[in-house]
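Accompanying notes for the structure given below.
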Amino acid sequence: MALSATSARAAVKADINVTPLIDVLLVLLIIFMITLPLSRRDFEAQVPPEQQSKTKSPPSSQIVLELMADGTYQINRQPYTHDQLLSAMHQIFDPRPVKLLFVKSAPNRKYRELIDAMDIARGAGVQVLGLTPPEPTKAP
């Protein structure tokens, strides 16, 4: 700390000397730069080989409700009207222990139609609803 007194009436001026602080920070920086490469550790992992099986996979147990662009509904590619939707969902989901439904909507369908279809699914006992992302469009 440096003191400067030019006159008796002048206030004491105190300047902080930051040089020792910078010296300590530089020493710490060098220490951390040296110890960082020494602290890295490798671990071995065994990855199973990729299996090239030719067996057919079992049929999917996923249920997909599609809201088609023409205003119809399809459950796993089987068409239904709006009035048949509740009874069809009860028929599908009542015997199932896992009540999961994926909903896929055409871009031109209204939001309220999607919510209405999801409400019908909830009324049929569906516990988990998932929305599928739109399919990517192909560039010309």
Which donor-acceptor pairs under 3.5 Å do side chains of residues 118-130 form with protein atoms, sequence neighbours excluded?
{"unit_1": "R122", "atom_1": "NH1", "unit_2": "Q127", "atom_2": "O", "d": "3.0"}

If I take atom NZ from residue K110 and atom CG from residue L67, how far apart are they, to the nearest 0.5 angstrom? 13.5 Å
Looking only at heavy atoms, what is the nearest atom pair of R109 and E113, with distance? NE-OE1, 2.8 Å
Just verifying a value: how many Å separate L65 CG and L114 CG, rounded to the nearest 0.5 Å? 8.5 Å
Check whether any side-chain N or O of N76 sits under 3.5 Å from a backbone N or O of Q62 as a donor-acceptor pair, and report yes or no. yes
On a heavy-atom basis, which atom in F93 and which in L100 lie closest, and how many Å separate them? CE2-O, 3.5 Å
To the nearest 0.5 Å, how far apart are OH in Y80 and CD in Q74? 10.5 Å
Could you go through the side chain to side chain contact (heavy atoms under 4.5 Å, CB included) check for I16 and L21 one step at a time? CA-CA 10 Å; I16 298 175; L21 176 66; over 6 Å; no
Which residues pass the salt bridge (Lys or Arg N to Asp or Glu O under 4.0 Å) test with R112, sequence neighbours left out? none
Spatial distance of atom CD1 (I34) from atom CG (L29) [nearest 0.5 Å]: 10.0 Å
Do T81 and D83 meet the criterion of a side-chain donor-acceptor pair at a distance under 3.5 Å? no
Over all heavy atoms of both residues, which pair between I75 and I63 is shortest? Give the atoms and the distance, please. CG2-CG2, 3.7 Å
